[in-house]
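Here's the structure we're looking at; comments come further down.
To find a chain, count down the sequence lines: A is the first, B the second, and so on, and within it residues start at 1.
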Number of protein chains: 2
Amino acid sequence: MSSAHLSIGDLSRATGTKVETIRFYEKNGLLPEPSRTQGNYRAYEPAHLSRLSFIRRARDLGFSLDQVRALLTLSDDRSQSCAAVDVIARAHRDEVERKIKDLQSLKTVLDQVIESCHCNIVADCAIIESLAPAPQGS
Amino acid sequence: MSSAHLSIGDLSRATGTKVETIRFYEKNGLLPEPSRTQGNYRAYEPAHLSRLSFIRRARDLGFSLDQVRALLTLSDDRSQSCAAVDVIARAHRDEVERKIKDLQSLKTVLDQVIESCHCNIVADCAIIESLAPAPQGS
DNA sequence: TATACACCCTGTAGTCGCTATAGGGTCAAG
DNA sequence: CTTGACCCTATAGCGACTACAGGGTGTATA
């Protein structure tokens, strides 16, 4: 009987997670429902804190909630092969890599567009012009 | 002359925008309401097509709908100073730049995490371990 | 004892930018 | 006269929260 229970506010402060977000994780099956006090307050065990920290760390690394759920399930079954973990991590890294490339080519275009503007009024603005389609008015 | 009306499907095909998205833009004030046919079909002018193209191009460049709205308003008042356009474009570019940097440092961490895994079972998995930080007292 | 205040509860709706349905109406061709 | 493509409105869903509204609980102080 460990009696050092934590309130939702304690978890919030300990992990930098908003209280509403913690309840959201519970409702969405990432964090198991804790026991309750007489006044119906959530009373967490240290294990909950560990799990929430895990979730936050994975979220910080950009894993989706679905991916976090999968990682949690895998980490719960510690005898399982590590390969599935690797697959999730690599898929996520590839996704991040793709996003970086996309944003880099986007930035190149934005740089060009911004660079091209030497005008004073919107009528001559190269930025606006680059957004407007060539007037193929027939 | 300009009485060749376009259906919503025409606009959709011409710009690669889903029909629902076009209606969404109308409901959200980006695309003005067109006139209607006797059968209550939307009947667009070429000006609508230009405006939708503008929206799509700006969206492709990652501008938010709020930013697109602002750009459209500016481009409508062609005597205005170009400075406001520049501000929006630069703000967006800065945002993109920031996202690239964030993702790059994220990828560095992911690379390290993935690299560190040489194990077979989850119990020893460095990826999982790196997500579950040592429980900090406080 | 009262009461002020921080904290907690549930439930619902809002954010962004669409996308996907449900349940119909319109219109031209065969 | 029916098929089928197209169109209409209205509503709900996505992800990952965030922000209320409208209450209850717990404790320190006047």
Side-chain angles (χ1 to χ4, degrees), chain A residues 5-31 33-44 48 51-52 54-72 88 91-92 95-96 99 102-103 106, chain B residues 5-31 33-44 48 51-52 54-72 88 91-92 95-96 99 102-103 106:
Chain A
H5 289 306
L6 300 156
S7 74
I8 197 167
D10 292 335
L11 252 71
S12 172
R13 276 181 295 276
T15 61
T17 312
K18 297 208 169 175
V19 165
E20 294 88 347
T21 306
I22 298 175
R23 288 196 280 251
F24 168 81
Y25 289 155
E26 179 182 319
K27 196 160 45 180
N28 287 271
L30 286 124
L31 205 54
E33 289 184 32
S35 56
R36 298 288 180 126
T37 66
Q38 287 178 331
N40 199 32
Y41 285 19
R42 286 171 179 82
Y44 293 100
H48 286 103
R51 202 174 178 87
L52 180 54
F54 186 106
I55 295 169
R56 294 304 286 181
R57 172 99 176 109
R59 290 290 302 129
D60 281 350
L61 291 176
F63 288 98
S64 71
L65 287 193
D66 270 356
Q67 287 173 323
V68 176
R69 237 183 302 264
L71 289 171
L72 281 168
I88 294 172
H92 179 45
E95 178 84 8
V96 170
K99 274 186 193 162
D102 283 357
L103 286 176
L106 179 59
Chain B
H5 288 306
L6 299 154
S7 74
I8 197 168
D10 293 336
L11 252 71
S12 172
R13 276 181 295 276
T15 62
T17 311
K18 298 209 170 175
V19 165
E20 293 89 349
T21 305
I22 298 175
R23 288 195 281 249
F24 168 82
Y25 288 155
E26 179 182 319
K27 195 160 43 179
N28 287 271
L30 286 125
L31 206 53
E33 290 184 32
S35 56
R36 298 286 181 129
T37 65
Q38 287 178 330
N40 200 31
Y41 284 20
R42 286 171 179 80
Y44 292 100
H48 286 102
R51 202 171 178 88
L52 179 55
F54 185 107
I55 296 168
R56 294 304 285 182
R57 173 96 176 112
R59 291 290 302 129
D60 282 349
L61 290 175
F63 288 97
S64 71
L65 287 193
D66 269 356
Q67 288 173 322
V68 175
R69 238 184 302 264
L71 289 172
L72 282 168
I88 295 171
H92 179 46
E95 177 83 8
V96 170
K99 273 186 191 161
D102 284 357
L103 286 176
L106 180 59

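For the segment residues 15-31 of chain B, the set of residues with a heavy atom within less than 4.0 Å of an atom of DNA chain C comprises B/Lys18, B/Glu20, B/Thr21, B/Phe24, B/Tyr25, in numerical order. Looking at residues 59-69 of chain B, you'll see B/Arg59, B/Ser64, B/Leu65 sit with a heavy atom under 4.0 Å from some atom of DNA chain C.
Taking atom CD1 on A/Ile8 and atom P on D/dG26, their separation rounds to 16 Å, with Å as the unit. Atom-to-atom, CG of A/Leu11 to P of C/dC7 comes out at 15 Å; the value is rounded to the nearest Å.
Without hydrogens or angle criteria, B/Asp60 side chain to B/Arg57 main chain gives no donor-acceptor distance under 3.5 Å. With hydrogens and angles ignored, the 3.5 Å screen pairs no side-chain donor or acceptor of A/Ser12 with any backbone N or O of A/Ile8. Using a distance-only test at 3.5 Å, with no hydrogens or angles considered, no donor-acceptor pair links the side chain of B/Arg42 to the main chain of B/Leu6.
In this structure, a donor-acceptor pair under 3.5 Å is present between the side chains of A/Thr17 and A/Arg56.
For D/dT9, the OP1/OP2 oxygens have a side-chain nitrogen or oxygen of B/Arg36 closer than 4.0 Å. Checking the phosphate oxygens (OP1, OP2) of D/dC6, no side-chain nitrogen or oxygen of B/Ser7 falls inside 4.0 Å. Within the 4.0 Å cut-off from OP1 or OP2 of D/dC8, at least one side-chain nitrogen or oxygen of B/Arg42 is found.
By the salt bridge (Lys or Arg N to Asp or Glu O under 4.0 Å) test, A/Arg69 pairs with A/Asp66, sequence neighbours left out. B/Phe63 pairs by the ring-ring contact (aromatic ring centres under 6.0 Å, His included) definition with B/His92, not counting sequence neighbours. Residues that satisfy the salt bridge (Lys or Arg N to Asp or Glu O under 4.0 Å) test with A/Arg23, not counting sequence neighbours, are absent from this structure.
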Base versus backbone protein contacts along nucleotides 25-30 of chain C [heavy-atom cut-off under 4.0 Å; B, S, -]: BBS---
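In this structure, A/Arg51 and A/Leu30 have side chains that are not in contact, with every pair of non-hydrogen atoms separated by 4.5 Å or more.
Screening B/Thr21, B/Leu72, B/Leu52 for a side chain to side chain contact (heavy atoms under 4.5 Å, CB included) involving B/Leu31 leaves a single residue, B/Leu52.
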B/Glu20 vs B/Tyr25, side-chain contact (heavy atoms from CB on, under 4.5 Å): CA-CA, chis, key distance, verdict: CA-CA 9 Å; B/Glu20 293 89 349; B/Tyr25 288 155; over 6 Å; no
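In this structure, A/His48 NE2 and A/His5 NE2 are separated by 10.0 Å, a value rounded to the nearest 0.5 Å.
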